[in-house]
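Some notes on the structure that comes next.
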Amino acid sequence: YTEVLLLNSELSSIIEHEFADIGVTARDVADVYDDPSRIGPVGVLLQDIVAGELDADRMDYLARDSVYAGVSYGHYDLERLLDTVTAVEDKDGILHLAVQDGGLYALEEFLLARYYMFLQVYLNERRRFYDRALMNVVRAVFADRGGNYPPPSEWKDFLTMDDVWLGSQLPGMIADGDIWAASLHDRRHWKSLSTLDVADSSSDAVRWARTETIVRDKFGPHVVISDDARAKTFQRTDPGPYITSSPEQDERPKILVVARDGKSSDLVERRSSMVEQLGARRIRVMRVFASPERFDEVLSEWQTEFAKNG
């Protein structure tokens with residue numbers, strides 16, 4: 001959608017009018033996401049800024065989300081980090097986003113803030129239930145499209161399908177008995193009857209999985225649903241320090257730290273043992289939710305089956 005909207009919507013003419021004096025086109029902006037090598041030596045740097053491990057969006061949403069969620073996990077020293085952000089040039093003349101050595105602690109704080117926000121906010125059980133309910137509503141709304149949004153070629157239709165539009169679909173779905181639409185509309189979440197932190201558990205994992213299958217099969221998807229939430233707050237990017245013009249699948253821009261002499265740089269995970277350990281840390285939280293009307297019944301069955309599988 002990003003490329004289609006930039007090149008075909010009114011954004012295209014706005015970009016080319018506002019930035020005509022410096023020769024920036026809508027195609028250039030699309031290339032930041034699509035193929036930064038087309039832009040030249042500064043392309044990867046621009047991609048780092050808007051879609052990297054240390055991009056502007058992440059710096060913004062951590063602080064903003066922590067405020068609106070009423071938590072302090074997303075706080076970090078933004079001013080110090082911005083003061084030490086710089087650019088380095090590789091052997092091919094390509095520029096990359098980096099952090100000066102003096103900003104290493106602020107960078108560690110930023111990465112830890114993301115880690116804790118994932119654990120405490122983004123993977124919170126209520127948030128995860130409403131994500132599942134919303135996905136089920138979207139699939140139902142777009143059932144005639146296979147449960148998917150319109151393709152990018154139908155971008156004008158896509159732009160009309162905002163949160164207000166989706167909310168307007170809920171009353172009709174509720175009248176037809178859709179439990180997920182009712183949960184969203186009434187803000188009535190299902191409670192989690194059991195949670196498994198895969199990273200911290202060992203022997204209970206198989207026992208938990210067996211119990212989950214038995215209970216889910218017995219009560220059905222309108223009474224019991226499962227959720228498998230995974231996240232990676234930092235992606236280690238060895239072996240090479242630089243992203244190439246043809247990155248490997250799922251490769252993301254890398255965070256570099258510039259040495260005090262300003263003449264050399266290295267991956268942050270090689271400079272910080274804390275970041276190295278963070279990169280190895282898996283976040284995976286599995287939950288089983290039960291409908292409020294039958295929660296006590298399902299919980300009793302769970303406890304019985306879990307004991308049997310011990």
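What you see below is based on every heavy atom in this structure, not just the backbone, and it leaves out hydrogens, waters and symmetry mates.
By the 4.5 Å heavy-atom criterion applied to side chains, L6 and I15 are counted as neighbours.
With no hydrogens or angles considered, a side-chain donor-acceptor pair links E212 and S226 at under 3.5 Å. Side-chain contact check for Y149 and D157: no donor-acceptor pair (N or O, by modelled atom type) lies under 3.5 Å. Side-chain atoms of S194 and W208 form a donor-acceptor pair, as typed in the model, at a separation below 3.5 Å. In the model, D90 has a side-chain atom that pairs as donor or acceptor with a side-chain atom of H96 under 3.5 Å.
Considering all non-hydrogen atoms of both residues, V138 and L166 come closest at CG2-CD2, 4.2 Å. A pairwise comparison of heavy atoms in L5 and W155 identifies CD2-CE3, 3.6 Å as the closest pair. The minimum heavy-atom distance between W190 and H222, with the atom names listed, is CH2-O, 3.4 Å. Considering every non-hydrogen atom in both V137 and L184, the closest pair reads CG2-CD1, 3.7 Å.
From R230, atom CZ reaches atom CE of M286 across 7.5 Å, with rounding to the nearest 0.5 Å. With values rounded to the nearest 0.5 angstrom, L170 atom CG is found 8.5 Å from D178 atom CG. Distance check, rounded to the nearest 0.5 Å: CD of Q47 to CG of D34 gives 9.5 Å. Within the model, atoms CZ of R287 and CZ of F289 stand 5.5 Å from one another, a figure rounded to the nearest 0.5 Å.
When the salt bridge (Lys or Arg N to Asp or Glu O under 4.0 Å) test is applied to R187, no partner is found at least two apart in sequence or on another chain. The salt bridge (Lys or Arg N to Asp or Glu O under 4.0 Å) search around K191 returns none, not counting sequence neighbours.
With F306 as the aromatic partner, R207 meets the cation-pi criteria of under 6.0 angstrom to the ring centre and within 45 degrees of the ring axis.
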Counting only pairs under 3.5 Å, give me each side-chain donor-acceptor contact of residues 17-31, with atom names and distances, residues two or more places apart or in other chains.
unit_1	atom_1	unit_2	atom_2	d
T25	OG1	R27	N	3.4
T25	OG1	D28	N	3.2
T25	OG1	D28	OD2	3.2
R27	NE	D31	OD1	3.2
R27	NH1	E3	OE2	3.0
R27	NH2	E3	OE2	3.0
R27	NH2	D31	OD1	3.0
D28	OD2	T25	N	3.0
D31	OD1	R38	NH1	2.9

